[in-house]
Amino acid sequence: MVHPKNILLVTISLSKALATPIVKRDTPSAVASVSYALPSLLTPVRQAPSPSYGVTPNNTDFEIESFEEFGKQEDPDNPLTIYRDGGGSCSIGNRTIWFFCDTSGYQNDTFKAITDNSLSVARTFDEPSLLTDATSNSLYSYGWNPAVPYTAEEYPWRNRPSKRYVMWTYTNCLQVSENRAVQYFHLYKYNSLSSTSDWGNTMATLDFDPDTEMLTVTRDKQVTFPNTTYEYGSFANMVVDGVAFLYALDTKYSSKKDVHVARVATDSLSQYDTYQYYDASTKTWSYNQPQPTARRQSAAVMSNYMPYSTGSMFYSEYHNAYLLVYFSNWADSTFRVSYAPSPVGPWTTDDKVLYTVPQGPGGYDYGGVAHPQYYQDGPSGKALLVHYSYRDTSYTYTKAAKLVFK
Ligand SMILES: *[C@@H]1O[C@H](CO)[C@@H](O)[C@H](O)[C@H]1NC(C)=O
Ligand SMILES: *[C@@H]1O[C@H](CO)[C@@H](O)[C@H](O)[C@H]1NC(C)=O
Ligand SMILES: *[C@@H]1O[C@H](CO)[C@@H](O)[C@H](O)[C@H]1NC(C)=O
Ligand SMILES: *[C@@H]1O[C@H](CO)[C@@H](O)[C@H](O)[C@H]1NC(C)=O
């Protein structure tokens, strides 16, 4: 599909973007690091009972009881009007953080600033469209730098309309301990408006300091999984019993139909030689990282007839199953679900439709993701917060909605 965000960037001027320099932290292992304050908005999440690795799915007809739209996600106290797309959320330090992709700010229809990713904090689980913008709000000292720092090589290219590096994410971040999470970003380099190279992905480690309420975002490598490998963690990810399962789409050879998975202990995410890679044809894990030089369909943990676009994966108590809630790449603005009795499947491939969200005047919606940490009064997964990127006449913004299963 043509990515709509490429269109937006041609039309804006960039006069006031990014006046403040990046704050660099002296960490020997970091290629880039930055710290900024997180607003004190607490949305603690009930600790769900840890699922077994193998479960017996229940309530799997996935009939919808209700779907309630909350509209544009925004910070009513931001002096600028914000447009943005993509993104995902997770819990850290009893807060719910949201990353977004290309984020632009306007004052009375006049362009003021843009950055390729930003971070906001949920105000309350009861009103999911209300956020406080932590990095795209000039009221905060960090305002209008990207939420994830550039390396020295990337920094000079920041936010120019034709030549720039961008870090974009379309799934949830992964909480690995009370005050630590990671998020995976696709790293693209725009050599010009018509020439883009996909470098792979980069893992950002997020450390929250409860005493100072500062979040430190660190990249230990410019590229974590380069474009010669699968981009583990970028399609979906989840933690089961202290192990992170990191899912990657084969975009090059399977046209987004095959999903491959790696696993690593959550306390060893930066120790890349401890990662293991799954081969579904033999049902075995090995330390040999596959070098995808052709389609490897039999090794894929999921292989669909319909291409995947975006989504998120998690354990649902209500379904006693692992769920993937996703948009396909068919640009039909439709949330779908697959489920499995274990992180390595077997995953269903009937592309069960959950709900089609209305399209805006700009065309199909994209970037659909579910956020399972919302609505934990009953069994988790019975009600889901979902969000997606909605294309209005000239601008794209994200909308949130509540989906309840029967
Ligand atoms: C399946 O779900 C139903 C409805 O939520 C519940 O009453 C039942 O106990 C569940 N069964 C199992 C085996 O978990
Ligand atoms: C989060 O909440 C738990 C439980 O109330 C508490 O023990 C912990 O100190 C809190 N952490 C932060 C960073 O607020
Ligand atoms: C923006 O527009 C409003 C309403 O028209 C006006 O009151 C305000 O002064 C304008 N702000 C700027 C900075 O131009
Ligand atoms: C793959 O990544 C490298 C940087 O590591 C970049 O130079 C190259 O252009 C990328 N290839 C493609 C096909 O995008």
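Computed from a predicted structure; not experimentally measured. Atoms within each ligand, like the ligands themselves, are counted from 1 in listed order.
- Around atom 10 (C) of ligand 4, the closest heavy atom drawn from Thr196, Asn191, Asn227 belongs to Asn227.
- Not a single heavy atom of Asn320 lies less than 4.0 angstrom from ligand 1.
- Proximity of a side-chain donor or acceptor of Asp250 to a complementary backbone N or O of Lys252 within less than 3.5 Å is detected.
- Summary of contacts: the protein heavy atom closest to atom 9 (O) of ligand 4 is Ser197 CB, 3.5 Å.
- Applying the ring pair (Phe, Tyr, Trp, His ring centres under 6.0 Å) test between Tyr278 and each of Phe245, Tyr230, Trp285 identifies Trp285 as the sole match.
- Ion pair Asp258/Arg296 not flagged as a salt bridge, since none of the NZ, NE, NH1 or NH2 atoms sits closer than 4.0 Å to an Asp/Glu carboxylate oxygen.
- Contact atoms of ligand 1 toward Tyr318: 5 (O) (distance under 4.0 Å to a heavy atom of the residue).
- Shortest contact from atom 1 (C) of ligand 2 to any protein heavy atom: Asn94 ND2, 1.4 Å.
- Looking only at protein heavy atoms, the nearest one to atom 5 (O) of ligand 4 is Trp199 CE3, 4.0 Å.
- What sits closest to atom 2 (O) of ligand 1 on the protein, heavy atoms only, is Asn58 ND2, 2.3 Å.
- Taking the six-membered ring where the residue is Trp, the centroids of Tyr390 and Tyr397 are separated by under 6.0 Å.
- Side-chain contact annotation: Asp85 with Tyr170, donor-acceptor N/O pair under 3.5 Å absent.
- The distance criterion of under 3.5 Å between nitrogen or oxygen atoms is met by Glu178 with respect to ligand 2.
- Test Thr171, Leu246, Asn172, Thr169 against Tyr184 for side-chain contact (heavy atoms from CB on, under 4.5 Å) and you get one pass: Leu246.
- Residue contacts with ligand 4 include Asp198, since one or more of its heavy atoms lies under 4.0 Å from the ligand.
- If you look at Phe335 and Phe327, their ring centroids are closer than 6.0 Å.
- In this structure, atom 7 (O) of ligand 1 has no protein heavy-atom contact shorter than 4.0 Å.
- Each of the atoms 13 (C) of ligand 2 lies under 4.0 Å from some heavy atom of Pro210.
- The part of Asn179 lying near ligand 2 is the side chain, judged by heavy-atom distances below 4.0 Å.
- The aromatic ring centres of Phe225 and Tyr275 sit less than 6.0 Å apart.
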